[in-house]
Amino acid sequence: MSWGDAPAVGSYALDVRDGRLGEVMGREGGRVQLRPLGGGREWDVPPEYLGEAAPADVLRERVRLLNRDARRRVELG
């Protein structure tokens, strides 16, 4: 993926090095910054290691996070 093809801020991308899915937060020093969908610490990805995030993968991760949060609410209940 060339720099001009880098995903837009707010879109989703895949770090093909380890399969992590993240929201594009910005660009810094020639790298793209991704943040996990559920929040957390950003990580930097060289543009050549970015892959397209399939809509089904984004949906799957969102559902997983919703289920996790619902379980936590029940446990704290």
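Quick note: numbers below take in every heavy atom, side chains included, and nothing from hydrogens, waters or symmetry partners.
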How long is the span from the [atom1] atom in [X] to the [atom2] atom in [Y], to the nearest 0.5 Å?
| X | Y | atom1 | atom2 | result |
| --- | --- | --- | --- | --- |
| E42 | E28 | CD | CD | 10.0 Å |
| R62 | L21 | CZ | CG | 9.5 Å |
| R72 | D69 | CZ | CG | 6.0 Å |
| E48 | R17 | CD | CZ | 8.5 Å |
| W43 | D18 | CH2 | CG | 7.0 Å |
| R73 | R68 | CZ | CZ | 10.5 Å |

Any side-chain heavy atom of [X] sitting closer than 4.5 Å to one from [Y]?
| X | Y | value |
| --- | --- | --- |
| P7 | E52 | no |
| L14 | L50 | no |
| D44 | V32 | no |
| V24 | Y12 | no |

side-chain contact (heavy atoms from CB on, under 4.5 Å) between R20 and V45: does it pass, once the steps are laid out?
CA-CA 11 Å; R20 287 187 291 174; V45 183; over 6 Å; no

Are E61 and R64 ion-paired here, with the side-chain N under 4.0 Å from a carboxylate O?
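Salt bridge: yes.
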
Please tell me whether L34 and M25 are part of a single hydrophobic cluster in this structure, the criterion being side-chain heavy atoms less than 4.5 Å apart.
no

